[in-house]
Amino acid sequence: MKKSFVIINKELKSYFLSPIAYLVLTFFLLISGFVFYIVLAEAVKNLTLNPYFNEPINVPSLIISTFGGFVGTLFLFLGPLITMGVYADERKKKTLELLLTSPIRDGELILGKYFSGLIFILILLLASYLNVLILFYVSKPDLLPTLGAFLGLILFAASLVSLGNFVSSLTENQIVAAIITFILFLILWFFDIFTRESTTGWRGVLGYLSPLKHLQTLQRGVINLYDIVYFLSFISFFLFLTYRSIESLKWRS
Amino acid sequence: MNKGRLGLILIAASLVVIAGISIFYSIKKMWFDYFSYIYIGAGAIFLIGLILNFDNIVEYFKTRRGIYSLNSVVSILLFLGILVLVNYLAFYHNKSLDLTPNKINSLSPKTKKVLKNLKGEIKAIAFYKKVDDKLRSMLEKYRDTSPKFQYEIVDPDKYPDVAKMYNVKYYNTIVITNGKKNELVDSVDEAKITAAIIKVTSNRVKKVYFLLGHGEKSIKDKNVTGYSEIAKLLKENNFKVDEFSILDKQKIPDDCTVLVIGGPKEKLFDKEIKIIEDYYRKGGSILLLVDPMEKYRCGDLLKFWGLRPENLFVVDVNGLFFGGQLGIVLVKNYPKSVITSGMSGKVSIFPLVVPLKTGEKGKFEYEKFLETSPFPGSFGVKDINSYLREMNSQGGKIRFRKGLDVPGPFAFGYVVKSKDKKNGRGRFIVITSAGFITNTFIKDNLNSDIFLNSVNYLAQDESLISISPRKPEDKRIYLTASGIMTIFYVSVVLIPLLFFIIGVVVVVRRRRLK
């Protein structure tokens with residue numbers, strides 16, 4: 001396992017010593033900050049200052065879930081860009097062979113690569129949640145549901161990274177990896193949207209397969225055992241596929 | 001063509017056929033008998049293809065590559081199988097944790113118990129034009145609590161046949177069904193949905209008895225003034241229906257869930273009144289329909305609940321206009337109550353009503369759910385004969401006579417709740433218009449819904465009525481315009497800038513180090 005940390009260290013260094021990471025971060029925070037501001041301003045205008053709105057409403061939690069949903073959508077676009085190069089780039093530069101013949105075991109390599117991508121996306125997530133801290137300053141949001149929603153986003157991002165890693169291991173072309181990851185995740189995303197109207201039969205199964213459905217439950221402030229199991233299964237399945245795919249490189253060539 | 005290639009073509013062709021039929025079925029939802037034969041045929045061709053390729057397959061798996069890929073595929077399938085199993089177990093033995101302080105994502109303990117004891121599958125079919133957030137989150141709560149609960153949201157305009165199958169007449173109706181029995185629910189309300197689930201699943205049949213013996217309207221009477229249609233409607237809603245006379249049995253039948261007293265024409269005996277009151281005290285449910293056409297207006301019965309019929313003839317301007325008869329009352333706006341929630345704007349019609357006065361408050365609480373329009377929409381006339389004479393002499397125009405007539409509105413439907421169990425543990429509803437559910441009046445309006453809602457309310461389990469919707473804690477954010485501007489600067493300028501500066505510092509320092 002120690003060697004995984006070596007990989008993580010090396011990968012994160014290469015992320016954070018290049019200007020691109022900071023440009024991505026700045027860009028991401030600019031968009032999410034702007035959305036946060038819009039959501040907050042609208043909520044204050046329409047829900048708090050509207051004298052006709054008498055129903056009890058939890059404005060901070062509404063803002064947090066809307067913001068969380070948006071950050072999740074943003075990940076859908078950003079995730080593939082972060083993971084596209086993980087293996088594809090190394091394969092193209094022929095450095096992956098070096099890694100594979102080094103004394104690092106395949107599993108360690110895969111976990112190291114996986115967690116470095118995940119840590120990078122978590123830094124993005126944490127930075128964007130600075131906005132939510134502001135919310136704690138101007139109002140009293142409920143802490144537990146906020147943490148639950150945050151956990152949802154972490155698991156969601158972790159799933160996205162594991163799928164992205166797998167796709168990246170299949171090709172030498174980064175752009176192809178990014179596009180395929182995006183399309184696959186988009187399809188899974190739409191599984192939820194197309195099956196919202198029914199839980200019966202195959203539509204129930206398709207809906208269950210969509211990460212969006214499970215993310216939404218966590219965003220509502222509910223933790224279901226099966227939501228957690230789903231995300232962990234999703235992550236481990238694609239890590240396992242990555243493992244098999246990297247392993248196959250040895251005997252396929 | 002060699003054997004192997006022919007085999008590949010056969011495999012490909014059979015797969016195309018199978019996929020084609022599957023896609024057709026999933027989109028069109030139609031399955032023809034011959035599909036099954038084609039399916040089997042395609043499966044056979046697939047097998048033949050495999051057999052033709054048998055040698056090649058065996059050859060492939062003899063190579064190192066073949067062994068490894070077989071190993072890979074098998075291990076992936078195995079892993080996937082385990083994951084499917086784990087997810088299946090997690091879904092069917094789900095534990096749920098609601099993090100919100102008011103538990104707005106949770107169902108009441110009563111509902112949870114009902115769902116836990118479900119034996120078969122229950123399906124909710126919601127007939128909504130648009131997928132409503134409130135509806136979906138409510139159905140999701142049920143779904144998350146029990147995997148035996150399924151739901152479907154159907155647009156009744158797109159599938160009118162499905163709506164017709166379940167007897168759905170209005171938008172935003174939810175049908176609860178177990179495949180055999182159906183129950184209609186008219187709003188996204190936990191108490192109502194759970195009550196419907198109980199009703200669909202329980203074998204105990206709820207029985208509605210209609211009182212006889214004093215000229216009440218009969219459920220066997222198929223004439224315009226009879227109750228035969230409403231009895232049919234009750235049966236459709238999973239109630240048993242019967243008639244009885246207290247004089248025969250000297251008591252209310254033991255299996256009586258709701259007692260309907262449908263417009264008695266003659267005074268009840270004191271002994272009968274006492275039996276009815278006792279029935280109420282011990283927890284019985286009563287729906288009293290007073291007939292304003294008669295002299296006897298159940299004053300002696302109503303006294304127990306502190307209510308008094310007023311001797312007024314109600315003139316409703318809209319009722320006269322639409323009904324063509326003096327005395328017809330048209331209701332479009334309903335006071336907020338358990339019976340008429342969600343009915344606002346829809347019309348119900350009452351042929352003659354008697355205004356009700358509530359007595360001293362203290363023992364009972366009164367929730368009015370039917371009321372005539374506010375003045376000048378309705379007013380009460382003390383002596384109808386002299387009013388009619390005057391009206392006819394003035395060319396048939398209706399007119400409010402100041403000083404003589406009483407301005408509306410008048411309440412004529414009450415849910416009476418006892419404040420103290422000592423006053424009685426039952427439930428009581430009164431509507432002073434026995435004619436409103438006769439065979440002529442229940443068509444094309446809300447009358448039957450008002451009646452059914454009343455009976456459903458009276459027949460409900462005690463514990464369900466106490467389920468009230470969970471509401472989020474009221475939290476608002478108060479910010480001035482400058483406060484909002486500050487947030488703009490922090491969120492959109494400061495935070496991104498901070499990371500940008502860190503980036504510049506790191507990159508510049510690294511360049512210098514080089």
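The structure presented is a predicted model; accordingly, all values stated were derived computationally and were not measured. Naming: A, B, ... by sequence-line order, numbering from 1 per chain.
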Inset, instruction - Kindly determine whether A:Y208 and B:N87 satisfy side-chain contact (heavy atoms from CB on, under 4.5 Å), including the steps that lead there. - result: CA-CA 10 Å; A:Y208 185 87; B:N87 276 270; 2.7 Å; yes
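- Nearest heavy atoms, A:L30 versus B:V492: CD1-O, 3.2 Å.
- By number of non-hydrogen pairs under 4.5 angstrom with chain B, the leading residue of A:N224, A:L29, A:L225, A:L241 is A:N224.
- The structure places NZ of B:K475 at 8.0 Å from NZ of A:K140, a figure rounded to the nearest 0.5 Å.
- The number of heavy atoms from other shown groups lying within 6.0 Å of CZ (B:F500) does not exceed 12.
- Heavy-atom pairs under 4.5 Å with chain A peak, among B:I82, B:L99, B:L498, at B:L99.
- Here A:P60 is the residue among A:P60, A:S139, A:S18, A:S32 with the most heavy-atom pairs under 4.5 Å with chain B.
- A distance of 11.5 Å separates OG in A:S248 from OH in B:Y68, rounded to the nearest 0.5 Å.
- For CG of B:D133, the number of neighbouring non-hydrogen atoms (other residues, nucleotides, ligands) closer than 6.0 Å is 12 at most.
- Using a 4.5 Å cut-off between heavy atoms, B:I502 contacts chain A through both its backbone and its side chain.
- Contacts of A:A21 with chain B are absent, with no heavy-atom separation under 4.5 Å from either backbone or side chain.
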Legend entry - A:Y226 vs B:D144, side-chain contact (heavy atoms from CB on, under 4.5 Å): CA-CA, chis, key distance, verdict: CA-CA 10 Å; A:Y226 70 75; B:D144 281 347; 2.4 Å; yes
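- Taking the six-membered ring where tryptophan is involved, the planes of A:Y37 and B:F488 are perpendicular, since the angle between them exceeds 60° and thus also 30°.
- Inter-residue side-chain proximity for B:R476 and A:I57 is flagged as met; some heavy-atom pair is nearer than 4.5 Å.
- Taking every heavy atom of both residues into account, B:V506 and A:Y22 meet most closely at CG2-OH, 3.6 Å.
- The side-chain heavy atoms of B:I76 and A:R244, taken from C-beta on, include a pair separated by under 4.5 Å.
- Side-chain atoms of A:N58 never come within 3.5 Å of backbone atoms of B:D474 as a donor-acceptor pair (strictly under, hydrogens ignored).
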Inset, instruction - Go through the steps to decide whether B:V86 and A:V229 satisfy the test side-chain contact (heavy atoms from CB on, under 4.5 Å), and finish with yes or no. - result: CA-CA 8 Å; B:V86 170; A:V229 168; 3.6 Å; yes
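- Contact count versus chain B (heavy atoms, under 4.5 Å) is highest, among A:N131, A:L147, A:D227, for A:N131.
- Screening A:V222, A:I228, A:I223 against B:L97 for a side-chain contact (heavy atoms from CB on, under 4.5 Å) leaves a single residue, A:I223.
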Inset, instruction - Give the intermediate values and the outcome of side-chain contact (heavy atoms from CB on, under 4.5 Å) for residues B:I487 and A:F36. - result: CA-CA 9 Å; B:I487 286 178; A:F36 177 79; 4.1 Å; yes
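- Heavy-atom proximity under 4.5 angstrom to chain B picks out A:K213, A:Q216, A:T217, A:R220, A:G221 from residues 213-221 of chain A.
- In this structure the side chain of B:P496 never reaches within 4.5 angstrom of the side chain of A:F28, judged on heavy atoms.
- In terms of heavy-atom pairs under 4.5 angstrom with chain B, the leader among A:L135, A:L23, A:I38, A:L25 is A:L25.
- When heavy atoms are compared at a cutoff of 4.5 Å, B:S69 approaches chain A by way of both its backbone and its side chain.
- Between the B:S491 side chain and the A:F34 main chain, no donor and acceptor come within less than 3.5 Å of each other.
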